[in-house]
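In what follows, chains are A, B, ... by sequence order, proteins preceding strands, each numbered from 1.
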Amino acid sequence: MEKNFDFERAEREINARWLERETFKANNKSDKAPYTVIMPPPNITARLHIGHAFNATIEDAIIRFKRMQGFEALLLPGADHAAIATEVKVVEELRKQGIEKASLTREQFSVYIETWYQKYLGEICEQFKGLGLSADWSRFSFTMDDNNKAHVRRAFKKLYDEGYIYKGTRMVNWCPVCETALSDAEVEFEEMQRSLYEIKYGDLVVATTRPETMFGDTAVAVNPSDKRYAKLVGSFVEIPLTNKKIPIIADESVDIKFGTGALKITPAHDHNDNAVGIKHNLEAVCVIDQKGKMCGDAPIKYHGMTALEARKVVVADLKAAGLLVSVKPHSSNVGTCYRCHNLVEPQISSQWFMKMKELAQPAIDCLNKGLNLYPKKFEKIYLNWLNNIKDWCISRQLWSGHKIPVFECGECRKRFASEFERPICSCGGKCSQDNDVLDTWFSSALWPFSTLGARGNSDDFKKFYPTQTMATAYEIIFFWVIRMVFSGLYHTEKLPFENVVLHGLVRDSKGRKMSKSLGNGIDPMVIIKEFGADVLRFSLLSGTKLDRDPRYSTEKAILTRNFINKIWNASKFIEAYALGAEISDLKIDFAKLGAADKWILTQLKKVIKDTTARFEKFDIGVACDYLERFFWGDVCDVYLESAKVSADKKQTARILLFVLNNFLRLLHPIMPFATTTLYKEFFDIEDVAFEPFPNAEEIKGNFAKEARLFEGYIALIKYLRDAKKKDNALKTANVFSSDLIDGANIAIIEKLSAVKIELEKIAKPDAVVSEFKILLGVDETKKRAEIAKKIDELKFEIARSEKMLANPAFVSKAPAALIKAEQEKLARNESLLKSLIN
RNA sequence: GCGGGUUUAGCUCAGUUGGGAGAGCAUCUGCCUUACAAGCAGACGGUCAUAGGUUCGAGCCCUAUAGCCCGCACCA
């Protein structure tokens with residue numbers, strides 16, 4: 001073996017082989033039970049960031065684990081066209097080149113979009129491959145490929161024909177910069193400091209943060225029980241700076257205590273006002289256009305100004321006219337566009353909607369009846385959203401994305417949805433297609449089955465659908481997870497997956513989100529280049545539970561690099577050891593095991609059980625910690641050292657190989673490259689990926705007693721090491737309790753503690769460790785003090801045990817095993833105490 | 001306002017059905033002991049946020065309070 005693990009070469013060679021031989025191509029004709037994980041398609045707006053690497057690592061670990069458990073495993077990769085996000089990026093990019101979107105035709109713009117797709121599709125695949133994913137690249141899917149387009153049209157048509165999709169004119173969230181409607185989920189609220197203006201409307205004073213919208217006012221509302229204004233209800237006031245008269249109305253939604261208690265109603269530009277307007281049959285007067293500029297009934301002088309610009313001028317004009325009563329600072333949450341982060345402007349607009357109430361119900365009903373969320377804490381969030389669901393605005397006024405497949409016949413004017421790209425009307429007339437595109441999440445919602453091809457009838461669909469597990473960051477539970485659930489149920493009549501793993505967001509070492517503006521982001525590719533993919537994978541997963549946001553820093557990568565180095569060096573030792581003992585098989589003679597052997601096998605059984613349990617719960621981070629502690633602490637620090645003085649090196653060599661073999665298989669889902677390299681080196685099997693995951697049941701025998709005895713040795717070793725450190729002259733320790741120690745174990749204790757052990761029949765001890773009385777030859781005073789201390793400890797312990805056992809409530813209620821353990825402990829301590837006092 | 005999460009060693013975090021608090025890092029002290037100084041060994045370090053309650057027994061269960069985080073709603 002080489003001096004160090006050459007991760008660069010291992011990754012290059014192994015990856016090349018995997019890709020060339022399509023090692024992880026899933027077989028839809030296989031007899032094995034399927035296990036399918038469809039990867040969340042990253043937006044092709046940029047290169048992958050550490051969050052993608054985290055997500056992909058979790059999924060690859062899951063799918064490798066399941067593959068080793070004997071499933072026909074499919075990890076299906078893909079990418080999302082991300083209509084609005086990509087369009088924002090491309091517009092930005094074009095602007096840098098001096099090209100405005102408005103100067104292009106839709107066709108010209110599509111060319112730029114297409115170029116963008118091709119560039120990033122390639123990059124994203126390369127990055128994923130660099131992570132060592134055991135993905136099936138032959139099934140790579142892109143939301144804008146022909147297959148997905150066909151799925152989208154067909155799904156739309158079904159929903160349209162069955163009345164779940166309709167067109168309506170109503171108030172929507174409008175982004176004046178992206179110039180498109182947004183769904184409720186796409187609005188992010190930010191707390192902002194604004195001003196609350198109090199403005200005279202005739203005899204009334206209204207409070208508003210948006211004075212520029214007053215030209216769109218069609219009423220002033222007061223609370224019906226507000227005595228201050230009761231007699232004014234029904235009368236009219238003039239909108240300031242104009243002579244337009246609007247009525248004073250009474251509406252319960254007005255908060256008496258807020259502002260002046262009088263609320264101006266602008267049905268065209270505010271969600272609440274819109275609702276009031278509909279209730280009172282008020283006209284909606286538009287004064288802000290789709291670019292966010294003043295228009296319509298606003299006085300001409302303001303036309304063309306943005307709303308914010310107009311606000312300043314309007315306020316100045318009000319002040320000049322003596323109509324501005326006061327300006328108070330006011331903080332409030334305002335909606336912003338989740339893509340461009342500009343203020344959202346509510347607008348009345350004609351859009352396509354999906355009727356949600358009925359579709360949502362099955363998604364509510366299936367929770368914990370087929371659908372499991374990990375961790376469970378997201379169940380309430382999931383249900384809360386579904387129970388309060390509103391119709392989904394699915395149309396976007398963009399040029400990139402799936403065009404809405406609704407067509408209108410030029411002859412007979414019939415309007416219909418079609419699953420064909422260019423349908424012809426039943427009357428034979430030529431049709432024109434709706435100009436809008438779909439919300440990018442419409443196609444994402446179909447992802448678990450659209451990726452499996454052929455619109456639901458392929459062999460892939462039959463074999464791999466429904467899928468088993470979907471892992472994604474919890475932040476897109478509304479955008480995506482819920483929509484996949486109800487879409488899957490509606491379109492395929494099956495849940496698209498059994499398990500949803502909602503993992504956290506990767507943060508920096510201080511717990512902050514990684515962001516460009518903070519400059520605290522870590523590029524996964526930089527970590528791979530410097531430390532290797534195994535290091536990135538392990539360090540991303542380790543040290544955190546599933547339901548927490550993981551923290552990442554280069555320090556973690558360094559620690560993991562050290563761990564791999566440790567594994568490599570221990571392997572070198574084992575190789576040399578086995579060679580020296582002329583052993584290459586794993587045929588352990590279970591009839592001839594020493595205490596150390598039984599102990600390490602017990603530890604191995606435990607780590608197999610614990611690791612498997614964590615994998616099954618998708619809690620892989622904790623499994624990483626178990627594996628590291630087992631290998632570094634148990635195997636290297638203890639067993640490897642004891643092996644150096646083993647009395648039966650052939651047997652020990654077999655155990656070392658056996659432990660390494662199991663450990664490599666346990667670790668493989670997390671560190672594919674190092675484990676593949678070592679497994680090939682030691683066991684001549686090319687891909688540990690297809691070896692069975694270890695099973696604790698296969699290690700026969702119960703070694704609990706000897707294992708516990710060995711723990712006593714370890715305690716003794718620790719004590720001697722400490723004693724030696726305090727007194728460097730210490731060379732020999734006399735140990736009583738000779739019936740507990742045989743020659744082979746003495747060698748281990750001597751080797752590990754660097755203290756010579758003499759067995760004594762009757763020791764006059766000066767210290768007691770575990771069950772071992774020892775004589776280190778310290779002076780009488782110190783000896784008496786130590787023993788007196790130990791006697792006190794034992795008396796305390798005994799008193800405690802006696803008290804517990806004398807407690808009838810404890811004896812009657814505590815589990816039997818616990819009582820027995822307590823009794824044994826008491827007996828042990830009593831006998832030890834007796835021997836010390838005599 | 002409603003709901004959820006979280007609070008354990010200086011830091012990052014484990015702690016599986018309640019049965020004497022753990023790891024790694026950091027700090028300090030020894031070591032090049034022939035797999036590994038990217039290492040080995042040892043030590044130091046915790047009123048498990050606070051206050052009650054249930055229990056024979058609480059880090060774990062219940063109630064309240066506080067800090068931090070998140071979601072939803074309101075937001076004139």
Side-chain angles (χ1 to χ4, degrees), chain A residues 1 3-4 189 191 194 196-199 206-211 213 220-221 253-255 258-266 270-273 330-335 375 377-381 384-385 388 474-475 477-478 505 509-511 542-545 547-551 553 555-556 558-577 610 613-614 617 619 621-622 625-626 628-629 632-633 636-637 640-641 644 717-718 721-726 728 751-754 797 800 803-804 806-815 817-819 821-822:
Chain A
M1 285 173 69
K3 188 170 187 303
N4 293 104
F189 287 93
E191 178 143 334
R194 302 209 288 183
L196 184 65
Y197 303 91
E198 293 190 348
I199 301 165
V206 303
T208 180
T209 56
R210 301 204 57 191
T213 63
V220 172
S253 68
V254 180
D255 182 350
F258 190 92
T260 59
L263 170 63
K264 66 190 222 38
I265 302 295
T266 321
D270 180 276
H271 281 102
N272 248 342
D273 294 4
H330 176 67
S331 84
S332 64
N333 288 331
V334 289
K377 68 177 182 187
F378 290 108
E379 289 179 355
K380 278 208 171 180
I381 294 172
N384 185 48
W385 201 76
N388 295 297
Y474 61 73
E475 63 180 345
I477 185 168
F478 306 134
L505 274 31
S509 61
K510 298 191 178 89
S542 72
T544 187
K545 268 195 80 169
D547 57 354
R548 299 177 72 122
D549 285 346
R551 298 192 180 198
S553 60
E555 284 70 35
K556 279 186 92 172
I558 291 169
L559 294 173
T560 307
R561 190 256 331 249
N562 296 354
F563 179 43
I564 295 186
N565 189 240
K566 188 77 182 174
I567 297 168
W568 191 261
N569 280 308
S571 299
K572 279 197 309 200
F573 173 85
I574 294 171
E575 186 188 47
Y577 193 97
D610 292 348
R614 291 294 177 164
K617 286 194 284 182
D619 211 350
V622 180
D625 296 344
Y626 292 159
E628 179 167 340
R629 216 174 303 169
W632 204 318
C636 292
D637 292 346
L640 248 162
E641 291 303 321
K644 290 174 182 171
I717 289 161
K718 282 199 163 220
R721 281 167 173 170
D722 188 30
K724 174 128 180 142
K725 182 164 171 121
K726 283 176 186 151
N728 203 32
K751 165 71 185 168
L752 268 65
S753 65
E797 291 292 315
R800 185 182 159 275
K803 190 182 160 200
M804 276 177 88
N807 183 343
F810 174 74
V811 179
S812 64
K813 288 177 189 171
L818 194 72
I819 294 168
E822 201 59 45

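With B/A35, B/G4, B/A38 as the candidates, the nucleotide lying closest to the side chain of A/Lys377 is B/G4. Across B/A41, B/G71, B/A14, the shortest atom-to-atom separation from the side chain of A/Val622 is found for B/A14. Among the nucleotides B/G30, B/C56, B/G71, the one closest to the side chain of A/Phe810 is B/C56. In the set B/G42, B/G19, B/A35, the nucleotide with an atom closest to the side chain of A/Lys718 is B/G42. The side chain of A/Asn384 lies closest to B/C72, out of B/A35, B/C72, B/G15. Among the nucleotides B/G39, B/G20, B/G24, the one closest to any side-chain atom of A/Glu797 is B/G20. For A/Asp637, counting side-chain heavy atoms from C-beta on, the closest listed nucleotide (B/C40, B/G15, B/G42) is B/C40. Listed nucleotides B/A35, B/A38, B/G15 differ in distance to A/Asn562; the shortest reach to its side chain belongs to B/A38. Comparing B/C25, B/U12, B/A73 against the side chain of A/Arg551 picks out B/U12 as the nearest. Taking only side-chain atoms of A/Cys636, from C-beta outward, the nucleotide of B/G19, B/A35, B/G42 with the closest atom is B/A35.
Side-chain atoms of A/Lys377 come within 3.5 Å of backbone atoms of A/Asp547 as a donor-acceptor pair (strictly under, hydrogens ignored). Judged by distance alone, with hydrogens and angles left aside, the side-chain atoms of A/Asp619 form no donor-acceptor pair with the main-chain N or O of A/Lys545 at under 3.5 Å. Counting only distance, with no hydrogens or angles, the side chain of A/Lys566 and the backbone of A/Glu628 share no donor-acceptor pair below 3.5 Å. Without hydrogens or angle criteria, A/Arg551 side chain to A/Gly543 main chain gives no donor-acceptor distance under 3.5 Å.
Using a 4.0 Å heavy-atom cutoff across all strands shown, A/Asn565 reaches at least one base atom of the nucleic acid. Using a 4.0 Å heavy-atom cutoff across all strands shown, A/Glu641 reaches at least one base atom of the nucleic acid. Residue A/Gly259 is classed as having no contact, given no heavy-atom separation below 4.0 Å to the nucleic acid. At a threshold of 4.0 angstrom between heavy atoms, the contacts of A/Val334 with the nucleic acid are absent. Residue A/Phe189 is classed as a base contact, given a heavy-atom separation below 4.0 Å to a base. Counting any heavy atom pair closer than 4.0 Å across all strands shown, A/Asp273 reaches no nucleic acid atom. In this structure, A/Lys617 reaches neither bases nor backbone, as no heavy-atom distance under 4.0 Å exists between it and the strands shown. If you check every strand for non-hydrogen atoms under 4.0 Å, A/Ile477 touches nothing. Contact annotation for A/Pro815: base contact, defined as any heavy-atom pair under 4.0 Å involving a base atom. Here A/Ile558 lies out of heavy-atom contact (under 4.0 Å) with every strand. Looking at heavy-atom distances under 4.0 Å, A/Glu379 makes no contact with the nucleic acid at all.
Closest heavy-atom contact between A/Ser571 and A/Met1: CB-CE, 3.7 Å. Taking each heavy atom of A/Thr208 and A/Arg210 in turn, the nearest pair found is OG1-N, 2.9 Å. For the pair A/Tyr626 and A/Arg614, the tightest heavy-atom approach, listed with the atom from each and the gap, is OH-NH2, 3.3 Å.
With a 3.5 Å ceiling on both atom-pair distances, the Watson-Crick or G-U wobble partner of B/U12 is B/A23. With a 3.5 Å ceiling on both atom-pair distances, B/U55 lacks any Watson-Crick or G-U wobble partner. Pair check for B/G71 finds B/C2; Watson-Crick or G-U wobble, both atom distances under 3.5 Å. The partner of B/G46, taking Watson-Crick or G-U wobble pairs whose two distances both stay under 3.5 Å, does not exist in any strand shown. If you check B/G39 for Watson-Crick or wobble pairing at under 3.5 angstrom, you find it paired to B/C31.
Comparing the same atom, P, in B/C44 and in B/G5 gives a spacing of 38 Å after rounding to whole Å. Comparing B/C32 with B/G22, their P atoms are spaced 32 Å from each other, to the whole Å. Rounded to whole Å, the P atom of B/C72 lies 35 Å from the corresponding atom of B/A51. Spacing of P atoms, B/G59 relative to B/A9, comes out at 15 Å, to the nearest Å. Using atom P as the reference point in both B/U7 and B/U17, the two lie 16 Å apart (nearest Å).
Between A/Ser331 and A/Phe378, the one whose closest nucleotide on RNA chain B sits nearer the 5' end is A/Phe378. Between A/Trp568 and A/Arg721, it is A/Trp568 whose nearest contact on RNA chain B lies nearer the 5' terminus.
Under 4.0 angstrom from either OP1 or OP2 of B/G4 there lies at least one side-chain N or O belonging to A/Lys380. Close to B/G15, at under 4.0 Å from its OP1 or OP2, lies a side-chain N or O of A/Lys545. In this structure, A/Arg629 does not reach the B/A23 phosphate: none of its side-chain N or O atoms is under 4.0 Å from OP1 or OP2. Using a 4.0 Å cut-off, some side-chain N or O of A/Lys813 falls inside it from OP1 or OP2 of B/C56. Remark: A/Trp632 is not in phosphate contact with B/A23, judged by side-chain N or O atoms under 4.0 Å from OP1 or OP2. Of the side-chain N and O atoms in A/Lys644, none sit less than 4.0 angstrom from OP1 or OP2 of B/U33. Applying the 4.0 Å criterion to OP1 and OP2 of B/C70, one finds that A/Arg548 has every side-chain N and O outside that range.
Below 30°, between 30° and 60°, or above 60°: for A/Phe563 and A/Trp632 the angle between ring planes is below 30°, a parallel geometry.
Distance A/Lys556 NZ to B/A26 P: 15 Å, rounded to the nearest Å. Remark: P of B/C2 and CG of A/Asn333 are 16 Å apart, rounded to the nearest angstrom.
The one candidate from A/Lys724, A/Lys725, A/Lys726 that meets the salt bridge (charged side-chain N to carboxylate O under 4.0 Å, His left out) condition with A/Asp722 is A/Lys726.
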